[in-house]
Q: 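Please see the structure below; I have some questions.
Scope of the values below: all heavy atoms of this structure, side chains included, with no hydrogens, waters or symmetry mates. For ligands, and for the atoms within them, numbers begin at 1 and follow the listed sequence.
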Amino acid sequence: MKKFWMAALCVVSLAHAPDLLAQSTWKLATGYRAESFHTQNILQFSREAEQATRGQLLIEVHPNNTLAKLNDIRQAVADGKAEAGETIMTSLVKDIPLAGADSIPFVVGSYKDAERLWKLQRPGIEKHFAQRGLKLLYTVPWPPQGLHSNKPIRSLADFKGTQMRTYNATTLRIAEMLGAKPVDVAMVDVGKALGEGRMDNMITSALTGVENKVWGPIKYYYEINAWFPKNVVFVSSKAFDALPPEARSQVLKAAAAAETRGWAASQALAVSATDELRANGVKIERIPADLDNEIKRMGERFSREWVRSVGNDANVIFVPYYIQ
Ligand code: PCA
């Protein structure tokens, strides 16, 4: 009888041996807080990937810039400090200009268009990532970008000399065009910077306003729907290719589910976050028509600069985007 149990135990452990031998752990770095909807989505993705691969892959999520700062996450993955990461696509524009396609002001005005743009942008991004040893997993957009301000904004002159919060090269260029003084503030430090009087206004989502409880210093929110920036979740090709083929396809399946779930969550939060700003005393207003025209012209200037920096890759996206 004893022999039987010994044999049975051997069979059981042999059945699990391939899984145990092939176990990998990915450290995934993000610059956003654990409570942020993007990070919550990553946590669910990591649980699903672990389950689907029967524990062959564990993803350890390091939120809040703890493992690497948001704008350095791609480099951290390239250097092997983390196997995987999440960053905002615009943080990549210096090296991959195509990554800035979703942050050109006033090109995309709805989630439907944002999705259309992503379908066109994705193959090029995958190609650039692959050339740099990265594998794209999925993207999720932030809710539309509006203008938060401590004072009413009625004309371009109201931006002159104000301290405008920026978070990467794209928002920096926009602040320059508006004649504002750019102040670099990470998303997780917005509440602190406002409290210290270091910033007067910013272009970001209503949700980022809510997550940083900007009411008090911020009195106005203008729904200018300027752009829909995306966060991108990726892994080093080396770490991805080290997984057995079946596990690789399970991870991509979980990533596709995370993309669908994240886009739906973003859309729902776009509405509830604006309501929450209003409920906390922020005035939700429209900008005057003249100013609207002027900032749209500024958007066109920005897009000309961007097309010049990207070259032919830009046509590949925008020709079909505008004619479809
Ligand atoms: N929140 C992030 C990026 C875009 C957004 O809506 C931020 O403000 O940094």
Q: What protein heavy atom sits nearest atom 6 (O) of ligand 1, and how far off is it?
A: Ser205 OG, 2.6 Å
Q: Out of curiosity, does Ile284 fall in the hydrophobic cluster containing Ile224 (side-chain heavy atoms, cut-off under 4.5 Å, transitive links)?
A: no
Q: Tell me which one of Arg165, Met202, Lys230, His148 gets a heavy atom nearest to atom 9 (O) of ligand 1.
A: Arg165
Q: Record the part of Ile88 in heavy-atom contact with ligand 1 below 4.0 Å; permitted values are side chain, backbone, both and neither.
A: side chain
Q: What are the atoms of ligand 1, with element, lying closer than 4.0 Å to any heavy atom of Thr204?
A: 1 (N), 2 (C), 4 (C), 5 (C), 6 (O), 7 (C), 8 (O)
Q: Using 0.5 Å steps for rounding, measure from the CD atom of Glu285 to the CZ atom of Arg154.
A: 6.0 Å
Q: How does Gln145 reach ligand 1, if at all, at less than 4.0 Å between non-hydrogen atoms: by side chain, backbone, both, or neither?
A: side chain
Q: Taking the six-membered ring for Trp, are Phe240 and Trp26 parallel (under 30°), tilted (30 to 60°) or perpendicular (over 60°)?
A: tilted
Q: Can you tell me if Ser237 uses its side chain to pair, donor with acceptor, with the backbone of Leu134 under 3.5 Å?
A: yes
Q: Does any N or O in the side chain of Asn212 come within less than 3.5 Å of the main-chain N or O of Thr208, such that one atom is a donor and the other an acceptor?
A: yes
Q: Can you tell me the protein heavy atom closest to atom 1 (N) of ligand 1 and the distance?
A: Thr208 OG1, 2.6 Å
